Participant: 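My questions all concern the structure below.
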There are 2 protein chains.
Amino acid sequence: MTMKKGKTKKRNIESDSRQQILDGALKLFAHKGYAAATVRDIVDASGITAPSLYYYFGNKEGLYMELMQTHCARIDQALESHMHTSSSAKERLKDLVDKIFLHVANDRDFFRLMFTIYYGPSQGAPYCDFISYHAKFHAAIKKIIEEGIASGEFQPGNSGHMTWVIRGVVQLAMEEQIKEDRKIIDRQGLQKILDMLLDRFERLPSVNGKK
Amino acid sequence: MTMKKGKTKKRNIESDSRQQILDGALKLFAHKGYAAATVRDIVDASGITAPSLYYYFGNKEGLYMELMQTHCARIDQALESHMHTSSSAKERLKDLVDKIFLHVANDRDFFRLMFTIYYGPSQGAPYCDFISYHAKFHAAIKKIIEEGIASGEFQPGNSGHMTWVIRGVVQLAMEEQIKEDRKIIDRQGLQKILDMLLDRFERLPSVNGKK
DNA sequence: GTCTATAAACTGATAGAC
DNA sequence: GTCTATCAGTTTATAGAC
């Protein structure tokens, strides 16, 4: 309250206590779960004490909500700013998927947390709406597929079903990426699988294909 | 200890307290998470008191582990006892997937819990090895695909990639099935998507296909 | 086996000094 | 802003009567 954004006195440079709490909390929420990650855990991991956490975020829920809002905004950004090139539907699909996958790989802890709360138990965490992001991603894929069908690039067919197939592959790749132990499938692997799959969707297979 | 399996005296028939605890616990673990579902929650939902829970299961972890072991054994059973018919690879794949999907749909709470602990935070729950089930399912799919390629039913190609695609669709269908709100994709829907997908894998498309 | 009563540890949260 | 000290409520778990 007294000073606004001057240099910190004692803390080692550039690392706001605030940010340290956010970092430690995300890691712990993602690996132990919202309920199992206690404020004690968080403040110990962040190298500060409980009152600082409550000073910045009000309570545990406030801390959680701020984490969600920050990272959700980044998803929005990534989903908005895709596709400027006017290449083939196949390339646009691969580009979109790659962008999202990279995003997940670079923010694994958040997506781990998001996925488990979206698909699983609430863990006592305050409600946070994730449906729109899944819907946006689904819609973006479907749109490209329908454009590909309209242009003759893809065989005619049920675009909804095709969308589910694409989303399925991506979902599985994301979830394997999110797991802490072994990442069975990586960025290139996912692209190769998409190549194979989209080749099967193309109009005249194995004529100009490179396979 | 005194009597072994005689009729219960006071409890309403056929509902062992033990089983009621298991039922209530699974529901709560699946919807609130292991850590957030307290012993109090469980005993309240089961209509018994805490000491009975500890009498039967030792502690919260023991209760959880027994739940896991029981339901995991059922997965084993389902995975072992598939495929007796010697029909086409496509039909065998659809049959396997249908069997598993039905299994998930009939034991939603358990799979909800299993999936989120496998892919997400531990929630403070004792470790339970789920990898083998995922591996078995993956291997079973891959085996059928390779047989289909060998017999000429499927186009030659990377069986590993094809397996990932199948698993992706199934994974997404399962997870949507597990969510409590809207089940977007059902049993028939999954089968239709598999039809579309496997048609694309077949050797000569659109000749004898039923579209 | 099932209960009442209660212990012992933990959890989210705050008061108040600096 | 950050700390020490601490509280009130909760959570896991048990002792002991019936």
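What you are looking at is a predicted structure, and each value in this text was computed from that prediction instead of being measured. So you know, we letter chains A, B, ... as the sequences are listed, proteins then strands, and number each from 1.
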Participant: In B/S/- notation, 5' to 3', how is nucleotides 13-18 of chain C contacted by protein heavy atoms closer than 4.0 Å?
Facilitator: BBB---

Participant: Distance only, no hydrogens: is a donor on one side chain within 3.5 Å (strictly under) of an acceptor on the other, for Asp23(A) and Gln19(A)?
Facilitator: yes

Participant: Taking 4.0 Å as the cut-off, does a side-chain nitrogen or oxygen of Ser17(B) come that near to OP1 or OP2 on dT2(C)?
Facilitator: yes

Participant: Rounded to whole angstroms, how far apart are CD1 on Ile48(B) and P on dA13(D)?
Facilitator: 14 Å

Participant: Would you call the rings of His134(A) and Tyr119(A) parallel, tilted or perpendicular, taking 30° and 60° as the class edges?
Facilitator: perpendicular

Participant: In this structure, how many angstroms lie between the C1' atom of dT11(D) and the CG atom of Leu53(B), rounded?
Facilitator: 13 Å

Participant: Looking at Ile145(A), Ile141(A), Ile144(A), which one forms a side-chain contact (heavy atoms from CB on, under 4.5 Å) with Arg92(A)?
Facilitator: Ile144(A)

Participant: Mind calculating the distance between CG (Asp41(B)) and C1' (dG9(D)) to the nearest angstrom?
Facilitator: 15 Å

Participant: Tell me: CG of Asp44(B) to C1' of dC3(C), nearest whole Å?
Facilitator: 14 Å

Participant: Given atom CZ of Arg18(B) and atom P of dG1(C), what is their separation to the nearest angstrom?
Facilitator: 11 Å

Participant: Could you give the OH-to-P distance, from Tyr34(A) to dT11(C), as a whole number of Å?
Facilitator: 14 Å

Participant: Atom CD1 of Ile21(A) to atom C1' of dG1(D): distance rounded to whole Å?
Facilitator: 11 Å

Participant: Please find out if less than 6.0 Å separates the ring center of Tyr64(B) from that of Tyr34(B).
Facilitator: yes

Participant: Does a side-chain N or O from Tyr55(B) land closer than 4.0 Å to OP1 or OP2 of dT14(D), or not?
Facilitator: no

Participant: Report yes or no: do Glu202(B) and Gln155(B) form a side-chain donor-acceptor pair below 3.5 Å?
Facilitator: no

Participant: So if I take every side-chain heavy atom of Thr38(B) and compare against dT11(D), dT11(C), dT2(C), which nucleotide ends up nearest?
Facilitator: dT11(D)

Participant: Just do the ring-ring contact (aromatic ring centres under 6.0 Å, His included) check on His103(A) and Phe110(A) with the steps written out, would you?
Facilitator: CA-CA 10 Å; His103(A) 200 212; Phe110(A) 166 70; 8.4 Å; no

Participant: Taking CZ from Phe57(B) and C1' from dT14(D), how many angstroms apart are they, rounded to a whole number?
Facilitator: 18 Å

Participant: Can you find a side-chain donor-acceptor pair between Ser159(A) and Glu146(A) that sits under 3.5 Å?
Facilitator: yes

Participant: Can you tell me how the ring of Phe130(B) sits relative to the ring of Tyr133(B), calling it parallel under 30°, perpendicular over 60° and tilted otherwise?
Facilitator: tilted

Participant: Using a cut-off of 4.0 Å on non-hydrogen atoms, how would the nucleic acid contact of Thr49(B) be classed: base, sugar-phosphate, or nothing?
Facilitator: base

Participant: For the helix from dG1(C)-dC18(D) to dC18(C)-dG1(D), figure out the bend between the end axes, five pairs an end, and round to 10 degrees.
Facilitator: 0°

Participant: If we check side-chain contact (heavy atoms from CB on, under 4.5 Å) with Trp164(B), which of these qualifies: Leu197(A), Leu190(A), Ile184(A)?
Facilitator: Ile184(A)

